[in-house]
Amino acid sequence: MNFINVNGTKLHYRFDGAEGLPVLVLSHSLGTDLSMWDLQIPEFTQHFRVLRYDMRGHGASETAPGPYTIEQLALDVVGLLDGLEIERANFCGISIGGMIGIWLAGHVPDRLMKIALCNTAAYKGQAEVFNSRIESVLKGGMDAVVAGSLKTCLSASFHDKAPNEVEKLRRMVLATSPEGYAASCAAIRDMDQRGTVCRITVPSLLVAGSEDLSMPPSVVQSIADQIPGAKYLELEAAHLSNIEAAEPFTAEIVKFMQ
Ligand SMILES: O=C(O)CC1=CCC(=O)O1
């Protein structure tokens with residue numbers, strides 16, 4: 001396993017794909033880890049040198065004390081690129097990973113080639129929802145949030161159709177640090193990037209899930225509407241469209257990034 005010290009925190013990362021191909025950074029969702037991109041890797045590595053990492057407080061990365069902020073999580077990506085001596089990269093982030101992408105595109109566009117922002121939002125609000133989730137997870141551990149998370153992330157029909165994927169996600173959520181999860185919920189709760197989105201000029205693809213109740217299509221579409229030339233794609237999926245609609249998701253990201 002590869003680790004790098006970024007902004008005082010040990011982050012787990014891995015490369016897949018040949019050296020010399022353009023770099024594509026993948027940033028995962030809340031309560032998951034870099035393996036949530038596994039279905040994309042066979043195709044992505046035909047075109048990109050894929051750089052995946054576990055967000056602080058997730059997977060095998062260190063859980064620095066929270067609360068985190070989206071800026072801090074995005075600066076971890078900048079630190080990762082700096083530490084690995086990558087000048088510019090493509091970026092694909094889902095959910096909180098997309099929020100990180102919004103920050104990067106608004107603040108360090110010169111480090112990016114193209115971005116895909118998936119099942120995400122520039123502003124969530126709903127402080128009481130996140131506060132109650134933080135309270136539950138700090139009191140009851142990941143057991144207290146796993147059922148809700150699985151219901152939000154994947155549709156009921158996908159639960160029936162792909163029980164192995166659901167089980168993999170369940171294990172990922174349960175393996176997440178409750179403190180890291182709570183600290184990241186605070187980052188989403190406190191985020192307001194509505195003033196950042198309208199500054200983005202990096203070529204952008206916005207991906208929504210038609211059954212995503214967490215970041216509904218209208219929210220994703222509104223981001224696309226504010227970015228000049230942005231493309232908008234809606235897939236038949238709930239929140240984790242890269243898992244639930246893996247084939248079209250992967251193909252469309254490759255088509256856009258090339
Ligand atoms: O509510 C969830 O668990 C879904 C989610 C919100 C932000 C994120 O990254 O995932």
Side-chain angles (χ1 to χ4, degrees), residues 25-37 52-59 61 66-74 76-77 91-104 116-138 140-156 158-159 165-166 168-178 180-193 206-217 219-220 223 237-244 249:
V25 179
L26 302 179
S27 188
H28 62 76
S29 61
L30 180 69
T32 65
D33 62 44
L34 57 71
S35 71
M36 67 94 68
W37 297 108
R52 292 185 277 172
Y53 74 103
D54 290 335
M55 249 170 45
R56 56 174 63 214
H58 287 71
S61 289
Y68 305 153
T69 64
I70 294 298
E71 177 181 32
Q72 184 181 27
L73 298 174
D76 284 347
V77 176
F91 179 92
C92 174
I94 190 160
S95 200
I96 191 171
M99 297 167 194
I100 292 168
I102 292 172
W103 193 98
L104 293 170
L117 306 172
C118 313
N119 304 80
T120 197
Y123 174 72
K124 277 296 279 179
Q126 300 174 313
E128 64 294 345
V129 171
F130 285 101
N131 286 337
S132 104
R133 227 199 274 195
I134 290 169
E135 200 185 319
S136 302
V137 78
L138 291 179
M142 296 308 293
D143 280 333
V145 294
V146 68
S149 176
L150 290 178
K151 194 166 168 216
T152 303
C153 288
L154 301 168
S155 70
F158 192 75
H159 278 247
E165 289 301 330
V166 178
K168 183 177 168 190
L169 182 61
R170 181 195 311 281
R171 287 183 193 183
M172 243 185 276
V173 175
L174 288 173
T176 302
S177 148
Y181 185 93
S184 307
C185 283
I188 300 170
R189 176 195 65 196
D190 299 339
M191 169 190 71
D192 187 350
Q193 300 201 90
L206 277 294
V207 180
S210 53
E211 293 179 61
D212 188 347
L213 300 178
S214 177
M215 318 277 169
V219 169
V220 182
I223 300 175
H239 189 52
L240 296 187
S241 60
N242 73 307
I243 295 175
E244 187 158 345
F249 180 98

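One-based numbering, in listed order, for ligands and for the atoms of each. Just so it is clear, the values below take in all heavy atoms, side chains as well, and ignore hydrogens, waters and symmetry mates.
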Under 4.0 Å to a heavy atom of H239 - the qualifying atoms of ligand 1, by number: 4 (C), 5 (C), 8 (C), 10 (O)

Using a 4.0 Å heavy-atom cut-off, say whether I94 meets ligand 1 through its side chain, its backbone, both or neither. neither

Taking atom CD of Q126 and atom CD1 of I188, what is their separation to the nearest 0.5 Å? 10.5 Å

Side-chain contact test, heavy atoms from C-beta onward, threshold under 4.5 Å: evaluate it for D143 versus L174 and give yes or no. yes

I94 side chain reached by W37 side chain, heavy atoms, under 4.5 Å: yes

Drop me the distance from D54's CG to L34's CG, to the nearest 0.5 angstrom. 4.0 Å

Is the shortest heavy-atom distance from the side chain of H58 to the side chain of L30 under 4.5 Å? yes

With side chains defined as the heavy atoms from C-beta onward, is the minimum distance between C118 and N242 less than 4.5 Å? no

Test your reading of the structure: does I188 have an N or O sitting under 3.5 Å from an N or O of ligand 1? no

Show which atoms of ligand 1 fall inside a sub-4.0 Å distance from at least one heavy-atom site of I96. 8 (C), 9 (O)

Among all the protein's non-hydrogen atoms, which is closest to atom 2 (C) of ligand 1, and how far away is it? R133 NH1, 3.5 Å

Among all protein heavy atoms, pick out the one at the shortest distance from atom 8 (C) of ligand 1; state its residue, atom name and that distance to 0.1 Å. S95 OG, 2.5 Å

Note: ligand 1 atoms sitting under 4.0 Å from heavy atoms of S29 are 9 (O)

